[in-house]
Peer 1: 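My structure is below; once you've seen it, I'll send some questions.
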Amino acid sequence: MTPWNFPLPLNIFKVATALAAGCTTVLKPAPDTPWSGTELGRIFAEHTDIPPGVVNVVTGTDPLLGEALVLDPRVDMITFTGSTAVGKLIMAAAANNVTRVCLELGGKSANIVLDDAELPSLAANIAGVCAHAGQGCALATRLLLPRNRYDEGLDVAQAVFEALRCGDPTDPAVVVGPVINAKQRARILSLIDVGKQEARLMNGGGAPESLPAGFYVEPTLFCDVAPDAVIAQEEIFGPVLAVIPYDGDEDAVQIANNSIYVLSAVVHSRDTERAMSIARKLRTGTVGINGAVWLATDTPFGGYKQSGLGREFGMDGFAEFLETKSIALPG
């Protein structure tokens, strides 16, 4: 079961891994993005020698469809990427047949800037939180700045957000395109309104006007955010960054770990060993140090706590689709 934010890659990743492990598959794309799933099914049917019935694609908007798949005793394993709320429902329903689940769920990742980091060079990294209109589970939506360099870091972040363009995603100069639908935009804007009561708004905060068709949200920057604030805890899934000050490395680790969504994290420091020390203390599935990219087909991906169960990619992800059997023979 796949989400709408990166539908085609996730459809391919999940189906390919299941097939490689020797499984037949049923793919249920998100109702908002069914065509990438049905087109993938057509390619399998018309351009491969995979027998009929090995790859199946089921689409629809009725929630009973997903429920029927999850409750079917013929299903041996469920892999789902999406919200934590839906993941909990799937996990509860799967318990009916003790069906195995692999869940990749919400994220509220921290971008930890240590006090020896080269702040001006982090502009592109900070801007990345608005890529794909902020609709990415592993985007670092909490920026943790050391208090002794807080104002300097805010200047960099504000310059970044002021430079970001919101508009037609087919324009190469545009970073922030529309979000998926009106419901999602309304949710994002409602959480931004909460943020205006909790913290200081530095940029954005609304829906831009006079843009092409679509549901747009301005790149929005909050500073002076408390670690327990709603906008520091809720997965907003939009182009919104919460900046949080901290005092010392241990405080940064404590703030980063203060979340039920711990899918990924970022650490910046001129001292790699110091950054590694921080990374080891973070309760999160992946950590990128100084711009390193952790996403690769041979690298396990998944989260801790309510960011999910199990792993995708690598040998760990392949093993999710396998069962272990021990056979003994007389000596």
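Just so you know, residue 1 is the first one in the sequence shown, and it goes up from there.
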Peer 1: Between NZ of Lys305 and OG of Ser259, what distance do you get to the nearest 0.5 Å?
Peer 2: 6.5 Å
Peer 1: Does a salt bridge link Asp115 with Arg149, judged by any charged N lying under 4.0 Å from a carboxylate O?
Peer 2: no
Peer 1: In terms of side-chain heavy atoms, does Lys14 have a donor or acceptor partner in Thr79 at a distance below 3.5 Å?
Peer 2: yes
Peer 1: Looking at Pro227, is its backbone amide N or carbonyl O close enough to the side chain of Gln233 to form a donor-acceptor pair, meaning the two atoms are under 3.5 Å apart?
Peer 2: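 Yes, Gln233 side chain to Pro227 backbone: donor-acceptor pair under 3.5 Å.
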Peer 1: Where do Ala127 and Leu164 come nearest, in terms of heavy atoms and distance?
Peer 2: CB-CD2, 4.2 Å
Peer 1: Has Arg311 got a side-chain atom pairing as donor or acceptor with Thr299's backbone, closer than 3.5 angstrom?
Peer 2: no
Peer 1: Between Lys108 and Ile260, is there a donor-acceptor pair closer than 3.5 Å when you use the side chain of the first and the backbone of the second?
Peer 2: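 No; judged by distance alone, with no hydrogens or angles, the pair does not exist.
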Peer 1: Write down the atom of Gly205, the atom of Lys196, and the distance for their closest heavy-atom approach.
Peer 2: O-NZ, 3.0 Å
Peer 1: In terms of side-chain heavy atoms, does Thr286 have a donor or acceptor partner in Ser264 at a distance below 3.5 Å?
Peer 2: yes
Peer 1: Are the side chains of Ile278 and Val253 in contact, using a 4.5 Å heavy-atom criterion?
Peer 2: yes
Peer 1: Can any side-chain N or O of Asn56 pair as donor or acceptor with the backbone N or O of Gly53 at less than 3.5 Å?
Peer 2: yes
Peer 1: Are any non-hydrogen side-chain atoms of Glu198 and Val225 less than 4.5 angstrom apart?
Peer 2: no
Peer 1: Taking atom CD1 of Ile289 and atom OG1 of Thr272, what is their separation to the nearest 0.5 Å?
Peer 2: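 Rounded to the nearest 0.5 Å, the CD1-OG1 separation comes to 7.0 Å.
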Peer 1: Establish, from distance only, whether the side-chain atoms of Asp168 and Thr170 form a donor-acceptor pair under 3.5 Å.
Peer 2: yes
Peer 1: Please tell me if the side chains of Ile231 and Ile236 come closer than 4.5 Å, counting only heavy atoms from C-beta onward.
Peer 2: yes
Peer 1: Is there a donor-acceptor contact under 3.5 Å from the side chain of Ser307 to the main chain of Gly106?
Peer 2: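 Side chain of Ser307 to backbone of Gly106: a pair is present.
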Peer 1: Would the distance check show the side chain of Arg142 and the main-chain N or O of Asn111 forming a donor-acceptor pair, the cut-off being under 3.5 Å?
Peer 2: no
Peer 1: If you round to the nearest 0.5 Å, how far is OG of Ser36 from CG of Asn11?
Peer 2: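 Those atoms lie 4.5 Å apart.
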Peer 1: Are there more than 12 heavy atoms of other residues, nucleotides or ligands under 6.0 Å from atom CD of Gln254?
Peer 2: no
Peer 1: Examine distances only and state if a side-chain atom of Thr220 and a backbone atom of Val240 form a donor-acceptor pair shorter than 3.5 Å.
Peer 2: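 Between the backbone of Val240 and the side chain of Thr220 there is no qualifying donor-acceptor contact (under 3.5 Å).
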Peer 1: Indicate the atoms forming the closest heavy-atom contact of Pro146 with Tyr246, along with that distance.
Peer 2: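 Closest heavy-atom pair between Pro146 and Tyr246: N-CE2, 3.2 Å.
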Peer 1: How about NZ on Lys183, more than 12 heavy atoms from neighbouring residues, nucleotides or ligands closer than 6.0 Å, or not?
Peer 2: no
Peer 1: Would Val113 and Leu221 show up in the same hydrophobic cluster when neighbours are defined by side-chain heavy atoms closer than 4.5 Å?
Peer 2: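 Yes, it is one cluster - the side chains of Val113 and Leu221 are joined through contacts under 4.5 Å.
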Peer 1: Taking Val160 as the starting point, is it possible to reach Leu241 by hopping between hydrophobic residues whose side chains are less than 4.5 Å apart?
Peer 2: yes
Peer 1: Output, in order, the C-alpha distance, side-chain angles, deciding distance and verdict of side chain to side chain contact (heavy atoms under 4.5 Å, CB included) for Arg42 and His47.
Peer 2: CA-CA 8 Å; Arg42 185 191 66 79; His47 299 284; 3.8 Å; yes
Peer 1: For the pair Ser190 (side chain) and Ile188 (backbone), establish whether a donor and an acceptor sit closer than 3.5 Å, ignoring hydrogens and angles.
Peer 2: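 Not at all, since once roles are kept as given, no pair shorter than 3.5 Å links the two residues.
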Peer 1: Does Met91, at its CE atom, have more than 12 non-hydrogen atoms belonging to other residues, nucleotides or ligands within less than 6.0 Å?
Peer 2: no
Peer 1: Measuring only between side-chain heavy atoms, which start at C-beta, is Leu201 closer than 4.5 Å to Phe222?
Peer 2: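 A side-chain contact under 4.5 Å exists here.
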Peer 1: Is it true that Asn5 and His132 share a donor-acceptor pair across their side chains at a distance under 3.5 Å?
Peer 2: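 No, Asn5 and His132 have no side-chain donor paired with an acceptor closer than 3.5 Å.
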Peer 1: Find out if a path of hydrophobic residues (ILVMFWY) with successive side-chain heavy-atom gaps under 4.5 Å connects Leu282 to Val266.
Peer 2: no
Peer 1: Measure across Pro300 and Asp316 and return the closest heavy-atom pair with its distance rounded to 0.1 Å.
Peer 2: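 So the two residues come closest at CG-OD1, 3.3 Å.
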Peer 1: Less than 4.0 Å between a side-chain N and a carboxylate O, is that true for Glu250 and Lys281?
Peer 2: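 Salt bridge: yes.
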Peer 1: Indicate whether any N or O donor in one side chain lies under 3.5 Å from an N or O acceptor in the other, for Asp224 and Tyr150.
Peer 2: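 Yes, because at least one side-chain N or O of Asp224 sits under 3.5 Å from a partner of the opposite role on Tyr150.
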Peer 1: Mind telling me whether Phe13 and Phe313 have parallel, tilted or perpendicular rings, with 30° and 60° as the class edges?
Peer 2: perpendicular
Peer 1: Could you grab the distance from atom CD1 of Ile244 to atom CG of Leu145, nearest 0.5 Å is fine?
Peer 2: 9.5 Å
Peer 1: Roughly how far, to the nearest 0.5 Å, is CZ of Arg147 from CG of Leu144?
Peer 2: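 Interatomic distance, Leu144 CG to Arg147 CZ, rounded to 0.5 Å: 11.0 Å.
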Peer 1: Taking the side chain as everything from C-beta on, heavy atoms only, tell me whether Ser109 gets closer than 4.5 Å to Tyr261.
Peer 2: no
Peer 1: Are Arg100 and Glu323 close enough, and set up right, to give a side chain to side chain contact (heavy atoms under 4.5 Å, CB included), and what steps lead you there?
Peer 2: CA-CA 10 Å; Arg100 293 175 60 183; Glu323 293 277 17; 3.6 Å; yes
Peer 1: Go through the steps for Glu312 and Glu320 under the test side chain to side chain contact (heavy atoms under 4.5 Å, CB included), then give the verdict.
Peer 2: CA-CA 8 Å; Glu312 296 187 288; Glu320 295 286 349; over 6 Å; no
Peer 1: Roughly how far, to the nearest 0.5 Å, is the CG atom of Leu322 from the CG atom of Asp76?
Peer 2: 12.0 Å
Peer 1: Taking Asp116 first and then Arg270, would you say they form a salt bridge - that is, a charged N and a carboxylate O separated by under 4.0 Å?
Peer 2: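 The answer is no: the pair does not qualify as a salt bridge.
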Peer 1: Taking the side chain as every heavy atom from C-beta outward, state whether Cys137 and Glu104 have any atom pair closer than 4.5 Å.
Peer 2: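 Yes. Closest side-chain heavy atoms under 4.5 Å.
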Peer 1: Which pair of heavy atoms, one from Glu152 and one from Pro120, lies closest together, and at what distance?
Peer 2: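 Closest heavy-atom pair between Glu152 and Pro120: OE2-CD, 4.5 Å.
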Peer 1: Treating Ile, Leu, Val, Met, Phe, Trp and Tyr as nodes and any side-chain heavy-atom pair under 4.5 angstrom as an edge, say whether Val174 and Val129 lie in one connected cluster.
Peer 2: no
Peer 1: Check whether any side-chain heavy atom of Phe80 lies under 4.5 Å from a side-chain heavy atom of Cys102, and answer yes or no.
Peer 2: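 No, side chains not in contact.
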Peer 1: Side-chain contact, heavy-atom cut-off 4.5 Å: Phe44 with Leu19?
Peer 2: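 Counting from C-beta outward, Phe44 and Leu19 do come under 4.5 Å.
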Peer 1: Looking at Glu218 and Ala207, would you say the former's side chain and the latter's main chain have a donor-acceptor pair under 3.5 Å?
Peer 2: no
Peer 1: Taking all atoms of both residues into account, what is the closest heavy-atom pair of Cys130 and Pro239, and its distance?
Peer 2: SG-CB, 3.8 Å
Peer 1: Please check this pair: side chain of Glu235 against backbone of Thr84, looking for a donor-acceptor N/O pair closer than 3.5 Å.
Peer 2: no
Peer 1: List the steps and the verdict of side chain to side chain contact (heavy atoms under 4.5 Å, CB included) for Leu263 and Phe301.
Peer 2: CA-CA 9 Å; Leu263 185 59; Phe301 173 64; 3.9 Å; yes
Peer 1: Leu10, Met1: one ILVMFWY side-chain cluster at the under-4.5 Å cut-off?
Peer 2: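 Looking at the clustering, Met1 is in a separate group from Leu10.
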